[in-house]
Colleague: 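Pasting a structure here, questions to come.
Every chain is numbered from 1 and lettered A, B, ... according to where its sequence line falls, protein lines coming before strand lines.
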Amino acid sequence: MFFDSFSAFLEMGGHGFYVWLSFGLTGLLIIGNVVHVRMARRNFFREHAQRQTRRKRSGTVPSNSGQNQQHKATEL
Amino acid sequence: MGVLKTLWHKLGSPRWFYDMSRSWSMIFGILAVLLLGAGTLWGLAYAPADYQQGNSFRIMYLHVPTALVAQSSYLMMGIAGVVLLVWRMKLADVLAAAIVPIGFSMTLIALFTGAIWGKPTWGTWWVWDARTTSMLVLLFLFIGVGALRDAITNLETAGRACAVLAIVGMINIPIIKYSVDWWLTLHQTSSFSLVEAPTMPSSMWAPLLLNVLGMYCFLGAVLTSAVRTGILKREQNTAWVNEVVEQELA
């Protein structure tokens with residue numbers, strides 16, 4: 001350890017505010033990104049399940065031949 | 001070459017990529033936690049203080065990795081744009097859309113940490129010098145591409161428009177890179193070179209290397225997850241997505 005004590009580590013030789021503010025903000029944004037992609041995935045599954053229930057009720061479940069009805073011909 | 005050609009053709013199938021990348025997010029995520037954890041602990045508590053800047057130089061362990069990843073992710077978005085326009089590869093558009101939030105975040109962190117580092121080092125939070133201004137332009141490019149996608153309802157048109165904007169914006173990347181050489185800036189020139197030995201001791205640059213690698217793994221983890229969700233959304237009307245959803249919910 002470079003510092004003599006834990007309080008010296010927190011103090012960072014007078015630069016504690018700058019160092020910890022940097023690491024704090026970065027941590028928040030990193031966690032924010034993880035939460036964002038996880039929520040996007042969870043939301044898709046929830047919404048898709050709801051769509052499926054509606055489709056089953058109306059009897060229009062897509063078949064294997066029904067390739068992406070909205071946007072086709074863009075595949076390589 | 002044959003293998004590459006096959007891979008290229010397989011990449012045309014979003015479903016193939018979805019099946020392929022099942023565990024990538026987890027692997028990248030674990031690597032990111034290990035590398036960033038070790039690099040940050042080492043950089044914060046064990047690396048020696050800078051003889052001029054004291055302990056504020058430890059902000060470098062976030063500033064440099066995020067600035068690198070921010071530029072790399074923009075470059076990826078531009079290349080994905082070329083692939084979309086030339087080969088009409090759907091996956092490239094899904095990737096380009098996935099890059100926007102993480103690229104924006106990385107640029108924002110680089111700017112934030114730069115400003116915070118600037119206060120004790122330069123005596124000011126912000127200067128309009130070439131490096132900081134071109135990084136701010138990068139932030140606006142990410143915002144612009146994101147806003148453009150949101151503004152166009154037709155998926156194909158949106159993808160193509162964003163690709164064009166992303167490609168045009170690539171001009172900013174060499175400007176950021178060489179800004180410290182071309183103009184007289186307050187921002188220092190690069191301390192590292194691929195062809196020369198580093199001028200700082202290994203106890204200072206090793207944690208930085210760990211954090212750079214870790215930040216790239218973090219990008220990999222976030223992008224894989226976002227791309228996989230993006231694929232499911234684009235292909236939501238296909239039977240294979242229904243199967244995937246049923247399997248995962250079961």
Side-chain angles (χ1 to χ4, degrees), chain A residues 1-3 5-6 8-53 55-56 60-76, chain B residues 8-9 11-14 25 29 36 40 44-49 53-56 58-59 62-63 66 87-91 93 98 101-102 105-106 108-109 112-113 116-117 119-120 155-156 159 218 221-222 225-226 228-230 232-242 245-246 248-249:
Chain A
M1 179 114 160
F2 173 76
F3 299 95
S5 64
F6 188 69
F9 173 63
L10 289 182
E11 223 169 79
M12 287 277 160
H15 286 147
F17 171 72
Y18 305 109
V19 172
W20 296 117
L21 183 62
S22 294
F23 279 80
L25 281 173
T26 306
L28 278 181
L29 276 160
I30 282 187
I31 292 167
N33 272 281
V34 173
V35 171
H36 177 246
V37 292
R38 287 189 158 209
M39 288 232 309
R41 186 171 167 82
R42 208 162 300 164
N43 286 345
F44 172 79
F45 277 93
R46 210 193 43 231
E47 283 160 18
H48 192 81
Q50 287 168 353
R51 267 195 303 273
Q52 278 305 93
T53 329
R55 274 183 194 145
K56 271 178 191 151
T60 51
V61 179
S63 67
N64 266 315
S65 56
Q67 272 285 323
N68 205 352
Q69 292 127 345
Q70 281 185 340
H71 308 284
K72 41 181 172 185
T74 46
E75 214 166 313
L76 186 78
Chain B
W8 187 249
H9 280 279
L11 278 173
S13 157
S25 236
L36 287 173
T40 300
L44 274 178
Y46 295 94
Q53 299 183 13
N55 287 298
S56 68
R58 295 178 200 280
I59 295 171
L62 298 175
H63 182 70
T66 49
W87 289 279
R88 301 276 167 90
M89 195 190 275
K90 242 191 271 181
L91 192 58
D93 192 34
I102 182 72
S105 304
M106 288 290 149
L108 195 63
I109 297 174
F112 267 149
T113 53
I116 297 169
W117 195 3
K119 188 61 186 163
L155 268 182
E156 264 181 68
F218 177 68
V222 166
S225 175
R228 284 165 59 80
T229 309
L232 293 180
K233 264 189 194 154
R234 296 274 170 120
E235 306 271 293
Q236 56 180 262
N237 294 320
T238 60
W240 78 267
V241 170
N242 290 338
V245 174
E246 272 167 30
E248 300 220 10
L249 288 181

Colleague: Is A:L28 in contact with chain B via its backbone, its side chain, both, or neither, using a 4.5 Å heavy-atom distance?
Modeller: neither

Colleague: State the CG-CZ distance between A:L29 and B:F112, to the nearest 0.5 angstrom.
Modeller: 7.0 Å

Colleague: By a 4.5 Å heavy-atom criterion (distance strictly below it), what part of B:A49 contacts chain A: side chain, backbone, both, or neither?
Modeller: both

Colleague: For A:F3 and A:E11: C-alpha separation, side-chain torsions, deciding distance, then whether side-chain contact (heavy atoms from CB on, under 4.5 Å) applies.
Modeller: CA-CA 10 Å; A:F3 299 95; A:E11 223 169 79; over 6 Å; no

Colleague: Quick check on B:Q53 against chain A: is it the side chain, the backbone, both or neither that has a heavy atom closer than 4.5 Å?
Modeller: backbone

Colleague: Which bit of A:F44 is near chain B, if near means a heavy-atom gap under 4.5 Å: side chain, backbone, both or neither?
Modeller: side chain

Colleague: Considering only heavy atoms and a distance below 4.5 Å, find which of B:T66, B:N55, B:L232 pairs most often with chain A.
Modeller: B:N55

Colleague: How about A:F17 and B:K119: do any of their side-chain heavy atoms sit closer than 4.5 Å?
Modeller: no

Colleague: Counting heavy-atom pairs under 4.5 Å to chain A, which of B:A45, B:S105, B:A98 comes out on top?
Modeller: B:A45

Colleague: Starting at CZ of A:R38, measure out to OG1 of B:T229 and round the result to the nearest 0.5 Å.
Modeller: 11.5 Å

Colleague: Atom CD1 of B:I109 and atom CD1 of A:I30: how far apart are they, to the nearest 0.5 Å?
Modeller: 5.0 Å

Colleague: Examine whether an atom of A:F23 lies under 4.5 Å from a heavy atom of chain B, and if so say whether it belongs to the side chain, the backbone or both; otherwise answer neither.
Modeller: both

Colleague: Is it the backbone or the side chain of B:L249 that comes under 4.5 Å from a heavy atom of chain A, or both, or neither?
Modeller: side chain

Colleague: So A:M12 and B:L44, do their side chains get closer than 4.5 Å, heavy atoms only?
Modeller: yes

Colleague: List for me each residue that meets ring pair (Phe, Tyr, Trp, His ring centres under 6.0 Å) alongside A:Y18, sequence neighbours excluded, and say none if there are none.
Modeller: none

Colleague: Between chain B and each of A:E47, A:R51, A:R41, count heavy-atom pairs under 4.5 Å; write down the option with the most.
Modeller: A:R41

Colleague: A:H48 and B:V241: side-chain contact (heavy atoms from CB on, under 4.5 Å), yes or no, with the steps?
Modeller: CA-CA 9 Å; A:H48 192 81; B:V241 170; 4.0 Å; yes

Colleague: I'd like to verify something: which residue of B:S56, B:S225, B:G230 has the highest number of heavy-atom pairs under 4.5 Å with chain A?
Modeller: B:S56

Colleague: With a 4.5 Å cut-off on heavy-atom pairs, point out which of A:N33, A:L21, A:V19 contacts chain B the most.
Modeller: A:N33

Colleague: Name the option with the most non-hydrogen atom pairs under 4.5 Å to chain A; the candidates are B:L108, B:I59, B:L62, B:L36.
Modeller: B:L62

Colleague: Could you tell me which non-hydrogen atom of A:R55 sits nearest to which non-hydrogen atom of A:Q52, and how far apart they are?
Modeller: NH1-OE1, 2.7 Å

Colleague: Would you please name every residue forming a ring pair (Phe, Tyr, Trp, His ring centres under 6.0 Å) with A:H15, sequence neighbours left out?
Modeller: none

Colleague: A:L25 versus chain B, heavy atoms under 4.5 Å apart: side chain, backbone, both or neither?
Modeller: side chain

Colleague: Give the member of B:R228, B:M106, B:K233 that has the highest number of heavy-atom pairs under 4.5 Å with chain A.
Modeller: B:K233

Colleague: Is B:L91 in contact with chain A via its backbone, its side chain, both, or neither, using a 4.5 Å heavy-atom distance?
Modeller: neither

Colleague: Given the options B:P101, B:G54, B:G29, which has more heavy-atom pairs under 4.5 Å with chain A than any of the others?
Modeller: B:P101

